[in-house]
K.L.:
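Pasting in a structure now, in structure tokens, and then I'll have a few things to ask.
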Amino acid sequence: MSKTLITTFSENLIAWHARSGRSGLPWQGNRDPYAVWVSEVMLQQTQVATVLERYPRFMKRFPTVQKLAKAHIDDVLAEWAGLGYYSRARNLHACAQQVMKEFGGQFPSDPVMLEQLKGIGRSTAGAIAAFAFHKRAPILDANVKRILARLFGVEGAMQEKVINDRLWKLATDILPVKPKDMPVYTQALMDFGATWCTARKPVCLGHEKKCPFEKSCQANLSNQVLSLPQKIVKAKSPEFDCDMLLIRSGNSILLQKRPSKAIWGGLWSLPESVWVAKSPSRKTTPSIQNLFAAALPEEKASPWLRVCKTAQAGPQIKHVFTHRRLWMQIWYVSTSKLVEPGNEKLKWVPLKQLGRYGLPQPIKVLLQGLSLARGGDLKN
DNA sequence: AAGGCGGGGAA
DNA sequence: TTCCCAGCCTT
């Protein structure tokens with residue numbers, strides 16, 4: 001590997017950033033550790049375009065680490081709804097309380113200390129330390145992994161420990177010498193990976209722009225740009241069926257709080273059956289009694305079984321996750337009076353208040369269609 | 001080391 | 001459809 005590349009990289013990258021870096025993003029130029037932290041977590045595995053709308057909203061609702069720490073987790077999850085990876089929201093809330101309790105409301109500046117906090121891994125710790133405290137701490141997100149793998153011709157799967165260690169070492173070796181350069185340098189790395197050294201259409205393979213590293217990039221010199229970093233072949237995601245109960249009484253819907261460990265953890269959703277592997281022969285309508293028993297607690301003593309007479313089949317909704325495909329069969333149920341939930345995980349929610357709850361995206365879409373429909377039957 | 005955990009945009 | 005993304009946590 002080239003010594004000169006290592007020593008000149010940060011300077012050249014910062015020069016590139018002055019010409020071609022992104023600017024005007026709402027979280028840029030902010031040295032408030034709280035603001036930096038929220039943006040870094042929100043941007044984990046999430047596109048800039050998505051965060052662009054959601055970040056200002058979140059900051060307006062929870063302007064300080066104190067206010068976030070004091071908030072109810074349901075309100076944090078409601079604000080996070082639609083962003084995905086909800087453990088981020090749960091950890092964000094827990095981390096805010098950690099910062100209040102263990103650090104007197106001030107984020108630590110040492111990346112090693114930051115990494116001890118909930119939901120902050122090594123890369124996010126590095127980003128916060130660099131942006132908020134000008135620490136010479138490296139980041140290693142997907143952008144940086146791609147840049148380094150290409151620049152230094154690193155072959156092998158990114159999740160292999162040996163490869164990962166090599167990349168962290170490289171990321172550390174190429175840091176700028178002056179701490180004050182860390183914010184612009186870190187931003188430049190992200191910008192370069194996101195806009196020039198991209199996964200599918202890197203500028204070195206086009207004709208319009210000239211990459212400042214074309215003469216020193218191992219992947220470019222050996223015509224391996226698109227094959228680095230090495231891609232991992234993933235198995236086809238498994239498919240599941242489940243039934244969901246849309247129980248309505250007047251203008252209220254019965255929602256159920258989801259367990260925090262599972263998918264959509266901590267969000268409010270419809271009572272649902274167990275997920276079963278999708279089988280092509282699954283055409284029989286489930287016994288509605290069994291469905292209630294599976295979806296609702298204390299089935300024997302519960303009055304719920306009495307309201308099931310009116311159950312009607314609703315739409316079947318397909319939802320695609322990164323690692324799952326789910327077919328949700330909706331069942332409409334009407335009951336004239338509000339049955340006591342008899343369980344703190346269950347709650348009647350007026351249609352007009354649904355916006356206050358953190359709902360899984362497909363459920364939100366389903367219920368929005370409902371609210372827009374004229375009153376009366378759910379099956380309009 | 002591998003798998004779980006969302007959602008949207010791009011190709 | 002599949003791939004990709006400012007990753008982290010658990011097992």
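Just so it is clear, the values below take in all heavy atoms, side chains as well, and ignore hydrogens, waters and symmetry mates. As the structure is a computational prediction, the values presented were derived from the model and not from experiment. We name chains A, B, ... by the order of the sequence lines, and we start the count at 1 in each one.
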K.L.:
Do you know which two heavy atoms are closest between A/S269 and A/I363, and how far apart they sit?
P.N.:
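Closest approach of A/S269 to A/I363: OG-CG1, 3.7 Å.
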K.L.:
Can A/W275 be reached from A/M328 by stepping across I, L, V, M, F, W or Y side chains whose heavy atoms are under 4.5 Å apart?
P.N.:
yes
K.L.:
Taking any heavy-atom pair under 4.0 Å as a contact, classify A/K234: base, sugar-phosphate, or nothing.
P.N.:
nothing
K.L.:
Output the rounded distance in Å from CD (A/Q98) to P (C/dC8).
P.N.:
15 Å
K.L.:
Taking 4.0 Å as the cut-off, does a side-chain nitrogen or oxygen of A/T198 come that near to OP1 or OP2 on C/dC4?
P.N.:
no
K.L.:
Just checking A/F152 against A/F9, ring centres under 6.0 Å apart?
P.N.:
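Centroid separation for A/F152 and A/F9: 6.0 Å or greater.
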K.L.:
Taking the side chain of A/N91 as its heavy atoms from C-beta onward, which of C/dA6, C/dC5, C/dC9 lies nearest to it?
P.N.:
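Per side-chain heavy atoms of A/N91, the pick is C/dC9.
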K.L.:
Taking CH2 from A/W27 and C1' from C/dA6, how many angstroms apart are they, rounded to a whole number?
P.N.:
9 Å
K.L.:
Taking CG from A/L140 and C1' from C/dG7, how many angstroms apart are they, rounded to a whole number?
P.N.:
10 Å
K.L.:
Can you check the A/L189 CG to C/dA6 P distance for me, whole Å?
P.N.:
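So the CG-P distance, A/L189 to C/dA6, works out to 12 Å.
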K.L.:
Roughly how many Å is it from CD in A/Q116 to C1' in C/dC9, rounded to a whole number?
P.N.:
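It works out to 14 Å between those atoms.
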K.L.:
Kindly say whether the aromatic ring centers of A/F62 and A/W80 come within a distance under 6.0 Å.
P.N.:
no
K.L.:
In whole Å, I'd like the distance from the CG atom of A/N143 to the P atom of C/dG7.
P.N.:
7 Å
K.L.:
Can you check each nucleotide of nucleotides 5-11 of chain B against protein heavy atoms at under 4.0 Å and return B for base, S for sugar-phosphate only, - for none, in 5' to 3' order?
P.N.:
BBBBS-S
K.L.:
Looking across every strand, which nucleic acid part, if any, lies under 4.0 Å from A/A127 by heavy atom: base, sugar-phosphate, or nothing?
P.N.:
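Here A/A127 touches no strand at all.
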K.L.:
Just checking, any donor-acceptor pair under 3.5 angstrom between side chains of A/R88 and A/T46?
P.N.:
yes
K.L.:
Between C/dT11 and B/dG6, how far apart are the P atoms? Round to whole Å, please.
P.N.:
16 Å
K.L.:
How many whole angstroms separate atom CZ of A/R90 from atom P of C/dC8?
P.N.:
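Distance check: A/R90 CZ to C/dC8 P gives 16 Å.
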K.L.:
Would you kindly give the NZ-to-P distance between A/K145 and C/dC5, to the nearest whole Å?
P.N.:
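Interatomic distance, NZ of A/K145 to P of C/dC5: 10 Å.
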K.L.:
Strictly below 4.0 Å, N to O, side chains only: are A/D165 and A/K161 in salt-bridge contact?
P.N.:
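A/K161 and A/D165: salt-bridged.
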K.L.:
Please figure out whether A/E40 or A/E115 has its closest DNA chain C nucleotide nearer the 5' end.
P.N.:
A/E40
K.L.:
In whole Å, measure the gap between the C1' atoms of B/dG9 and C/dC8 for me.
P.N.:
23 Å
K.L.:
When you check the gap from the basic side-chain N to the acidic O, do A/E344 and A/K257 get nearer than 4.0 Å?
P.N.:
no
